[in-house]
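Below, chains carry the letters A, B, ... as their sequence lines are ordered, and counting in each starts from 1. Here the structure is a predicted model, which is why all the values come from computation and not from measurement.
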Amino acid sequence: MPELPEVETIARGVRPALRGRRIARVVVREPRLRWPVADDLPPRLAGRTVRDVRRRAKYLVIDAGPESLIAHLGMSGRLLLVEADAPAARHDHVDVVLSSGLAVRLRDPRRFGSLHVAAAPGDHPLLAKLGPEPLGDRFDGRYLFSVSRGRTVSIKDLLLNSRIVAGIGNIYASEALFGARVHPRTAAGRLGRVRLERVAAAVRAVLQRAIDTGGTTLRDYRTPGGDPGLFSIELAAYGRAGRPCPRCGAAIRALRQGGRSSFYCPRCQRR
DNA sequence: ACTGGCACCTGGGCGC
DNA sequence: TGCGCCCAGGTGCCAG
């Protein structure tokens, strides 16, 4: 389910319910997530007070005293804010029960998500090697230029590489390249500074816009309270194969890269 | 060091 | 209705 803007929106959504609350207990009904939930995760978090909730790439980091809970929602994960005694539905794998009587519940049918506990989350193996945040100061055209010299990988796959830049997903990679008018199969190393500046600016613009509107591109997105997302972001290219390009009217095309779909305008987007 | 392909898992939609 | 197939928003790991 979640791309970076959704994770950011989720972090903002659960922050008020979590911040300053004590974690009464963590209930693990199904530990078999992408990585098994560690046996010592519940005892390490129980009794801690949540200081803050933040996002790194698509990870939620819940800072709770000397320990932090790291959560990834994978493809199908959702966080729900529920009454602590609300009956668990199918795929409700873990509850973080708060002293307030609410619980943050992880529901994840595909179980591609994961939960981890770490005293130094930034050093956790899943976070330590992430590239810069796409909305942070270190990500710009100059940076993309420096990391792409000599590389034959497509610009689309480069944007999806979390060691290069953290948290850009398949939808936003397509949308950003549409915005930058760069063909998704272009070898990253063949792009010059000017076009990489456009790519970086388009990445930032499309992500920031999605966050600012509080919206989502995702049809089945729900807020932590269970409300439907606003679904307010109009996608220009993603999922629109055969339909007209909003810029020039040519038919949008689909292609496969690394087993994933890309969408682009064959007239606007140049190699 | 890079690159492309596979793996993990469930559910929804489609054609027959 | 049912079955089989393909597809899906992520990302670590592997062989080449």
Would one find a side-chain N or O of [X] under 4.0 angstrom from OP1 or OP2 of [N]?
{"X": "A/Arg90", "N": "B/dG11", "result": "yes"}
{"X": "A/Arg151", "N": "B/dT3", "result": "yes"}
{"X": "A/Ser162", "N": "C/dG12", "result": "yes"}
{"X": "A/His91", "N": "B/dG11", "result": "yes"}

A/Arg34 charged N/C atom sitting above A/Phe112 aromatic ring, 6.0 Å / 45°: no
May I ask you to check if A/Arg240 and A/Phe178 form a cation-pi contact, with NZ or CZ under 6.0 angstrom from the six-membered ring centre and within 45° of the axis?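 No.
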Interatomic distance, OG@A/Ser114 vs OH@A/Tyr59, rounded to 0.5 Å, equals 6.0 Å
Taking only the side-chain heavy atoms of [X] (C-beta and beyond), determine which of [options] contains the nearest atom.
{"X": "A/Arg111", "options": "B/dG11, B/dC9, B/dG4", "value": "B/dC9"}
{"X": "A/Thr152", "options": "C/dG10, C/dA8, B/dT3", "value": "B/dT3"}
{"X": "A/Pro109", "options": "B/dT10, C/dT11, B/dG4", "value": "B/dT10"}
{"X": "A/Leu126", "options": "C/dA8, C/dG12, B/dG4", "value": "C/dG12"}

Write down the distance between [atom1] ([X]) and [atom2] ([N]), rounded to a whole number of angstrom.
{"X": "A/Leu160", "N": "B/dC2", "atom1": "CG", "atom2": "P", "value": "17 Å"}
{"X": "A/Glu30", "N": "B/dC8", "atom1": "CD", "atom2": "P", "value": "16 Å"}
{"X": "A/Phe112", "N": "C/dC13", "atom1": "CZ", "atom2": "P", "value": "15 Å"}

Test your reading of the model: is there a side-chain donor-acceptor pair from A/Ser99 to the backbone of A/Arg21, 3.5 Å cut-off?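 Looks like no, no N/O pair under 3.5 Å.
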Donor-acceptor pair present, A/Arg34 side chain and C/dT11 base, under 3.5 Å: yes
Please state whether the base of C/dA8 and the side chain of A/Arg110 form at least one donor-acceptor pair under 3.5 Å? yes
